[in-house]
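Following: one structure in structure tokens, then a few remarks.
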Amino acid sequence: MTRKPRILVTRRWPEAVERVLAERFDASFNASDIAMDSAALVQALRSFDAVLPTVSDRLGASLFEDKDIRAKILGNFGVGYNHIDIAAAEARGIVVTNTPGVLTDCTADIAMSLLLTVARRAGEGEREVRSGQWMGWRPTHLIGTKVTGKTLGIIGFGRIGKAMAKRCHFGFDMDVVFYNRSKIDIAEASRLGARQLETVEEVLAAADFVSLHCPGGGGNRHLINAQRLAMMKPEAFLINTARGDVVDEIALVEALETGVIRGAGLDVFEVEPTVPERLRVLDNVVLLPHLGSATEETRTAMGMKVVENVTAFFEGRPPPDRVA
Ligand code: DGY
């Protein structure tokens, strides 16, 4: 590299990664860590050779209509990229990369935490203890649902879906069924104690816990709607660590309010960071602020993946995690 490429990082990243970026590039950081609005993002696309966005940045088609775009690559911090209009970026010749692989275990761990927390009513229990309302042990207190031995239904059997299957099958003796658009090798599935079913509906009907691990956006928007929620068992739970828009949130609130399903564990929401009041007041739902990949190890590894992708691009090599 002769002149260092000008890059903009849209949010604060782990210190170790920011340090490498500052050494390698002419880097600008968002010291305030406040999400950038559309006008600021357009300005960034005009002024920098690379923009390094993340889940909280909305890069819709209209941003790519600007005639003065300078950016050649979007090095996304995150595996999901449904916040970027990939077709519009591609049409402007902008390369887009993501960070697969490094957040698999931590995201599956959060899905597992949600599953256990909602089934065993641990959130309710914690609130009770903290508020000084706990009256002591009694046989009928906060009775939850047993997890061990139940059936897990996975929608989307990619890396994270498989990691969830592994946890549930080997850790909790669960029977695992899944839906995946493409056919998964039977031997691979059975090594994880899992069995592929033909349709989403079959999985919903069979499962005591449904865990979503498919990408957001496109055809997956509102994949779980009122009709499909009604196909779940009334005693079943829905776990979402994928993307908020995979679930019709209003339909889910109604299903939780009226007992169509027993409960839900959610790490993602339709319009983050807004979480509807009707959801927040329910006791049969566990709510987390999009923590799937939030460990020191994983967030650093994600950042280093972006470094590798952007470095490769500016050195004229194919970025390892190119999605567009
Ligand atoms: C991702 O990577 O897409 C997550 O949602 C944020 O870690």
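One is the number of the first residue; the rest follow in order along the sequence. When a ligand or atom number is given, it counts from 1 through the structure's own listing order.
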(message) Out of all atoms in ligand 1, which are within 4.0 Å of some heavy atom of Gly78? Include the element for each.
(response) 1 (C), 2 (O)

(message) So, applying side chain to side chain contact (heavy atoms under 4.5 Å, CB included) with His290, which one of Leu266, Ile110, Val55 is it?
(response) Val55

(request) Using distance alone, decide if ligand 1 has a nitrogen or oxygen within less than 3.5 Å of any nitrogen or oxygen in Ser293. (result) yes

(message) I want to check something: taking the side chain as every heavy atom from C-beta on, are Leu152 and Val177 in contact at a cut-off of under 4.5 Å?
(response) no

(message) To check your reading of the model: name the closest protein heavy atom to atom 4 (C) of ligand 1, its residue, and the distance in Å.
(response) His290 NE2, 3.7 Å

(request) Could you find the nearest protein heavy atom to atom 3 (O) of ligand 1 and give me its residue, atom name and distance? (result) Arg243 NH2, 2.6 Å

(request) Please determine if Gly80 has a nitrogen or oxygen closer than 3.5 Å to a nitrogen or oxygen of ligand 1. (result) yes

(request) Name the closest protein heavy atom to atom 1 (C) of ligand 1, giving the residue it belongs to and the distance to 0.1 Å. (result) Val79 N, 3.4 Å

(request) Give the contacting part of Val268 toward ligand 1: side chain, backbone, both or neither, where contact means a heavy-atom distance below 4.0 Å. (result) neither

(request) Output the distance between atom CE (Met36) and atom CZ (Arg11), rounded to the nearest 0.5 Å. (result) 10.0 Å

(message) Under 6.0 Å from the ring centre and within 45 degrees of the ring axis: does the NZ or CZ of Arg6 meet both conditions for the six-membered ring of Phe48?
(response) yes

(message) Using the rule side chain to side chain donor-acceptor pair (under 3.5 Å), only one of Asp321, Asn98, Thr99, Asn76 pairs with Asn309; which is it?
(response) Asp321

(request) Using a strict 4.0 Å cut-off to heavy atoms of Met302, name the atoms of ligand 1 that fall inside it. (result) 2 (O), 7 (O)

(message) Does the plane of the ring in Phe157 sit parallel, tilted or perpendicular to the ring in Phe178? Use 30° and 60° as the thresholds.
(response) parallel

